[in-house]
Amino acid sequence: MLEETPAQWVAHLAHPNGWWRDTAQRMLIVKSDKSVAPALVAMTQKHENHLARIHALWTLEGLGALTPELVTEKLKDEDAQVRAAAIRVAETLLKQGNEALIAQIKSLRQDSSPTVVLQSLMTGKLLNWPDWKKDSQTTLFLSPSLGVKEIGAQLLVEAPKLAGNFSQQDKKRLEKGQEAFRTICFACHGFDGKGMPMPGREGVTMAPPLAGSKTVLQSDFLVKVLLHGLAGPIEGKTYESQMVPLGSNSDEWIADVASYVRKAFGNQGALVTKDEVKKLRTANKDRVVAWTIDELRAGLPQPMTNSKEWKLTSSLNDSALSKALDNDPGSRWSTNKFQAGGEWLTIELPAETEVAGVELDSTRSANDFPRGYTVVVSSNGTEWSKPLLTGQPSGAVTELVFEKPVKTKFVKITQTSSAKGNFWSVHELHVMKPAAAVPAVGAK
């Protein structure tokens, strides 16, 4: 081949042996003899061998002799592999500013060949076209091809952006939860947790967003919904896709998915254990219909509304405690010292009251949650109960829910661990009253 002319090398682009085709293409590009461009163009247009047409296209690209007109022509080639190659070689022209090709390449997302559809999606991602994620999700949703759905889904998968630091065991659980979410949940909730866009309906999604959802952070909501489903409007909106029950899956599977959702998409919720799932499954074993959002909320402890009558004291920075009760998520009480263990915060109610628990919200200072805690109560502020709760939170919302409501006037929370580089902060503090009795709905 070294003794041959560039014109003879062009002929080898149609050779039945791949080594000959690849070597001829490489030599033509290294030689950089653009006099063969007309022959290469003719090969892309007329040669019956689709492999020859593909090699000719790439050789023209390597010689800098590719034109938008030829790419436009090859995007309509009868062979799917040639159409896919035309999209790829077009990337060079697109980088040079030939934006007229974008609409043509996007139109191939309705192509009959999964290979062509996937290449169109990959090019959009590579070149970071505006709304490429949204467009890709819509394409996957509408495509009848299982290959497009499964392989295309991987384009939207990014390294997990999860809130917090985790043990190896917790990381494995979150990875399993993420995989389950990619397989099932993304079709309605989208890969970014913002809801799968409804084709042709701007701003409308198949299902409610999970990103930034307070419902996701509620202790039992997410698990109950995964077990039994969710029906009816949410925040006044009725969604195309209703949440189906997934309770046929194991407690571990439910816990992994719930944990992933509560840690992904910017959420700051705590991990869920399989024992917690088992407890909720048992408590609602007779349920045969989906929950409604109002029903779920009615079954939870509710924030007390008399916070102006409470008195807060703490071991540090007493003067800022009012900021934990001002209904302003942007303000906060903080120790202003790194967590070392022994810091405490006490709530004094105006009278002995039945209390279901306390919620500490540090979402605006996501890493300032207490690394450990104990909770005790008292009727007089001097004689304290044994610890009613101990634990190690893993998210910005620390839910301190008693096993059963207690009648008390004082609640004391002690921070028991250390966190170099992080204060203990509370942006919003809620004392919870017991949930009202809710009539059984949907039981057998």
Side-chain angles (χ1 to χ4, degrees), residues 18 22 50-51 53-55 57-58 61 71 74-95 101-162 172 174-200 205-207 210-211 240-241 244 246 249 253 256-257 260-261 264-265:
D22 291 343
H50 73 283
L51 294 176
R53 301 201 296 276
I54 291 172
H55 278 283
L57 267 178
W58 278 112
E61 189 272 344
V71 170
K74 292 294 96 184
L75 289 173
K76 301 174 183 177
D77 195 278
E78 63 182 16
D79 187 90
Q81 291 187 51
V82 176
R83 296 197 298 276
I87 297 173
R88 288 195 64 196
V89 298
E91 291 169 2
T92 299
L93 298 177
L94 290 164
K95 291 175 183 177
L101 293 170
I102 294 177
Q104 299 174 48
I105 293 172
K106 285 186 174 182
S107 71
L108 292 177
R109 292 173 184 175
Q110 285 77 49
D111 196 274
S112 59
S113 167
T115 298
V116 176
V117 175
L118 290 169
Q119 185 57 61
S120 175
L121 296 178
M122 287 188 282
T123 293
K125 178 179 181 179
L126 175 71
L127 300 179
N128 197 28
W129 289 343
D131 295 327
W132 74 264
K133 289 184 179 180
K134 179 180 176 181
D135 292 346
S136 295
Q137 289 188 129
T138 300
T139 300
L140 301 189
F141 177 75
L142 294 175
S143 177
S145 168
L146 183 61
V148 168
K149 291 181 183 294
E150 291 192 355
I151 299 173
Q154 301 308 309
L155 297 176
L156 293 164
V157 172
E158 299 177 355
K161 297 177 181 178
L162 304 175
K172 288 180 180 180
L174 291 167
E175 287 171 359
K176 289 180 181 178
Q178 183 189 45
E179 185 58 35
F181 186 90
R182 294 174 185 170
T183 304
I184 298 175
C185 311
F186 89 92
C188 295
H189 292 289
F191 284 95
D192 55 6
K194 296 180 180 179
M196 179 68 81
M198 284 283 289
T205 58
M206 292 288 295
L210 301 176
E240 185 78 14
S241 294
V244 298
L246 298 172
N249 292 285
W253 189 94
D256 291 347
V257 173
Y260 172 71
V261 171
F265 318 126

Using the rule given for side chain to side chain contact (heavy atoms under 4.5 Å, CB included), can you reason through Gln110 versus Leu142, listing the C-alpha separation, both sets of side-chain angles and the distance that settles it, and then say yes or no? CA-CA 9 Å; Gln110 285 77 49; Leu142 294 175; 5.8 Å; no

Let me confirm one number: the NZ-CG distance from Lys76 to Leu108, rounded to the nearest 0.5 Å. 10.0 Å

At what distance, to the nearest 0.5 angstrom, does CE of Met122 lie from OG of Ser136? 10.5 Å

Across all chains, not counting sequence neighbours, the side-chain contact (heavy atoms from CB on, under 4.5 Å) partners of Thr123 are Ile87, Glu91, Leu94, Gln119, Leu127, Trp129

Closest non-hydrogen atom pair, Cys185 against Val257: SG-CG1, 4.4 Å

Between CG on residue Leu118 and OG on residue Ser145, distance to nearest 0.5 Å: 7.0 Å

Which atoms form the tightest heavy-atom contact between Pro130 and Asp135, and what is the distance? O-OD2, 4.2 Å

Passing option when Ser120 is tested against Gln104, Arg109, Lys106 for side-chain hydrogen bond (donor to acceptor under 3.5 Å, both in side chains): Arg109

Euclidean distance, Lys149 NZ relative to Thr183 OG1, rounded to 0.5 Å: 13.5 Å

Is the shortest side-chain heavy-atom distance between Asp256 and Leu174 below 4.5 Å? no

Where is the tightest heavy-atom contact between Ala80 and Val116, given as atom of each residue plus distance? O-CG2, 3.4 Å

For Leu101 and Ala90, which heavy atoms make the closest approach, and how far apart are they? CD1-CB, 4.2 Å

Can we say Lys176 and Glu179 salt-bridge, meaning some charged N sits less than 4.0 Å from an Asp/Glu carboxylate O? no

Test your reading of the model: is there a side-chain donor-acceptor pair from Asp131 to the backbone of Lys134, 3.5 Å cut-off? no

Nearest-0.5 Å distance that lies between atom CD1 in Ile184 and atom NE2 in His189: 11.0 Å

Can you measure from NZ (Lys133) to NZ (Lys194) and round to the nearest 0.5 angstrom? 8.0 Å

Could you check whether Arg53 pairs with Asp77 (Lys NZ or Arg NE/NH1/NH2 to Asp/Glu carboxylate O, under 4.0 Å)? yes

Search all heavy atoms of Arg83 against all heavy atoms of Leu75 and return the closest pair with its distance. CD-O, 3.3 Å

List the steps and the verdict of side chain to side chain contact (heavy atoms under 4.5 Å, CB included) for Phe181 and Leu210. CA-CA 12 Å; Phe181 186 90; Leu210 301 176; 3.7 Å; yes

Does the pair Leu140 and Leu121 meet the rule for a side chain to side chain contact (heavy atoms under 4.5 Å, CB included), with working shown? CA-CA 10 Å; Leu140 301 189; Leu121 296 178; 4.1 Å; yes

